[in-house]
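Letters A, B, ... are given to chains in the order of the sequence lines, protein chains preceding strands, and every chain is numbered from 1.
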Number of protein chains: 2
Amino acid sequence: MRKPREEMIAETRAKLIAAGRCAFGTVGYAEASMDDFTAEAGLTRGALYHHFGDKKGLLQAVIQQIDAEMTARLHTISAGAPSRWEGFVEECVAYIEMALEPEIQRIMFRDGPAVLGDVSQWPTSNGCIAALSHSIEQLKDDGVMADIDTETAARLINGASSHAALWIAKSETPEETSKRAVRGFRTLLDGLRVKA
Amino acid sequence: MRKPREEMIAETRAKLIAAGRCAFGTVGYAEASMDDFTAEAGLTRGALYHHFGDKKGLLQAVIQQIDAEMTARLHTISAGAPSRWEGFVEECVAYIEMALEPEIQRIMFRDGPAVLGDVSQWPTSNGCIAALSHSIEQLKDDGVMADIDTETAARLINGASSHAALWIAKSETPEETSKRAVRGFRTLLDGLRVKA
DNA sequence: CCACTTACATACGTGGCGTATGTCGAGGAG
DNA sequence: CTCCTCGACATACGCCACGTATGTAAGTGG
């Protein structure tokens with residue numbers, strides 16, 4: 001065994017992140033007891049403080065992981081679309097739909113911003129904003145999208161998406177509400193499209 | 001003195017709400033110690049639990065108060081505009097700008113949703129959404145706004161606004177960022193306008 | 001082979017929340 | 001006027017969670 005040491009460490013970190021992610025995603029950040037979910041991972045709070053400094057540090061790590069996954073998913077979706085505009089719209093819709101998943105919603109859109117401030121502000125873990133910005137930039141180059149500041153557009157869309165997701169998730173009829181939201185969202189985006 | 005009793009009670013409630021509002025708005029909900037800010041109001045946690053049940057109950061009361069103030073402000077703004085469309089746009093811009101005030105931002109857009117879930121969901125304290133919806137409904141009747149589900153539009157705009165405000169507030173150059181955001185926001189809204 | 005660091009676990013103090021209990025003043029019944 | 005009740009609020013207690021200080025065993029460089 002060449003370097004089993006570092007592997008063990010990485011594994012410990014991964015186990016802590018996984019346990020924290022699970023706890024944060026289900027009972028929420030504030031109600032998640034560090035003693036409890038570290039024990040579930042077969043460890044103690046000592047390990048957590050050693051690797052992440054404090055509870056917020058673990059949350060950061062969890063968010064970073066989730067953000068990376070979301071960014072990857074968005075990328076594959078936009079890449080597989082027939083046109084760039086289509087890809088962009090599908091990306092936005094996918095963003096709403098991802099925000100519907102309880103874990104993503106809770107961690108990325110509720111507890112994350114509340115505990116750490118505007119998550120998309122730090123250089124790390126703003127992959128989703130960056131992905132949206134990239135798409136918008138391309139569309140502007142293609143002359144398909146109206147003249148609007150790229151980052152602003154990305155953030156407005158991001159905000160609309162996440163709130164829509166919250167709305168849907170809390171709705172009594174998520175299915176129907178989701179359809180209404182996506183439909184309205186398409187209309188909103190269509191307003192930004194340059195008409196032929 | 002006809003009913004000094006009820007006045008005293010109302011005053012106690014008001015003092016608790018004011019103290020809580022101040023603490024929540026500055027240090028945040030989680031960091032606000034009930035012992036501390038009730039003492040600042042010349043009371044104890046006993047009074048708080050008696051009137052509001054628990055810490056969340058006080059937060060609800062605080063949110064309700066702020067929401068009422070915001071709704072009133074939005075109403076006067078939209079009422080004083082030259083046209084309905086102008087009034088609507090100004091309302092939205094005002095919404096962004098209100099969300100810039102630290103107290104409103106912290107309580108209404110960060111801690112509120114995190115602690116209580118989607119605030120705009122409960123019947124109480126959705127005054128702002130209702131005000132936006134009302135404006136949108138009128139614009140649709142006037143044939144000035146594109147065919148979009150009213151509530152959906154209100155929520156998308158609400159989401160975009162609050163995220164924009166977060167972005168601005170955390171920016172290193174809030175003044176400039178604010179201009180970018182408002183400009184982009186106007187473009188977004190313009191996309192919903194029926195062209196003559 | 002030994003000193004030293006690293007990766008954790010254990011032990012302890014503090015503080016905040018919620019609840020159970022106590023007290024004091026205001027009104028109504030007689 | 002007196003007593004009794006009830007509501008408004010304070011006090012007291014226990015619990016739990018976080019953070020830190022300390023301990024320990026395993027690995028690593030010289």
Heavy-atom closest pair, residues Ala181(A) and Ile168(A): CB-CD1, 3.7 Å
Shortest non-hydrogen contact between Ile96(A) and Ala164(A), atoms and distance: CD1-CB, 4.2 Å
Atom pairs under 3.5 Å, N or O on each side, protein against nucleotides 27-30 of chain D: can you list them with distances?
from: dG27(D); atom 1: O4'; to: Arg5(A); atom 2: NH1; distance (Å): 3.3
from: dG27(D); atom 1: O3'; to: Arg5(A); atom 2: NH1; distance (Å): 3.2

Check: residues 26-33 of chain A side-chain donor-acceptor pairs under 3.5 Å, at least two apart:
from: Thr26(A); atom 1: OG1; to: Cys22(A); atom 2: O; distance (Å): 2.8
from: Thr26(A); atom 1: OG1; to: Ala23(A); atom 2: O; distance (Å): 3.2
from: Tyr29(A); atom 1: OH; to: Lys56(A); atom 2: N; distance (Å): 3.4
from: Ser33(A); atom 1: OG; to: Asp35(A); atom 2: N; distance (Å): 3.4
from: Ser33(A); atom 1: OG; to: Asp36(A); atom 2: N; distance (Å): 3.3

For atom CG of Leu58(B) and atom P of dC9(D), their distance in whole Å: 14 Å
Between CD1 on residue Ile148(B) and CG on residue Leu192(B), distance to nearest 0.5 Å: 5.0 Å
Closest heavy-atom pair and its distance - Leu16(A), Leu58(A): O-CD1, 3.9 Å
Residues within residues 46-55 of chain A bordering DNA chain C, heavy-atom distance below 4.0 Å: Gly46(A), Ala47(A), His50(A), His51(A)
Whole angstrom value for the distance that separates P of dA26(D) from CD1 of Ile9(A): 15 Å
Whole angstrom value for the distance that separates P of dG19(D) from CG of Leu59(A): 12 Å
Whether over 12 other heavy atoms sit under 6.0 Å from Asp147(A) CG: no
Spacing of Met8(B) atom CE relative to dG7(D) atom P, expressed in whole Å: 19 Å
Pairing residues for Arg183(B) by the salt bridge (charged side-chain N to carboxylate O under 4.0 Å, His left out) criterion, not counting sequence neighbours: none
Residue pairs involving residues 88-108 of chain A (criterion side chain to side chain donor-acceptor pair (under 3.5 Å); sequence neighbours excluded): Arg21(A)-Glu103(A), Arg73(A)-Glu101(A), Ser78(A)-Glu91(A), Glu90(A)-Arg186(A), Glu91(A)-Ser135(A), Tyr95(A)-Asn158(A), Arg106(A)-Asp111(A)
Distance-only side-chain donor-acceptor flag, Thr12(A) / His51(A), under 3.5 Å: no
Nearest heavy-atom neighbours spanning Leu132(B) and Cys92(B): CD2-SG, 4.0 Å
Residues in contact with DNA chain D, drawn from residues 11-38 of chain B - heavy-atom cutoff 4.0 Å: Thr12(B)
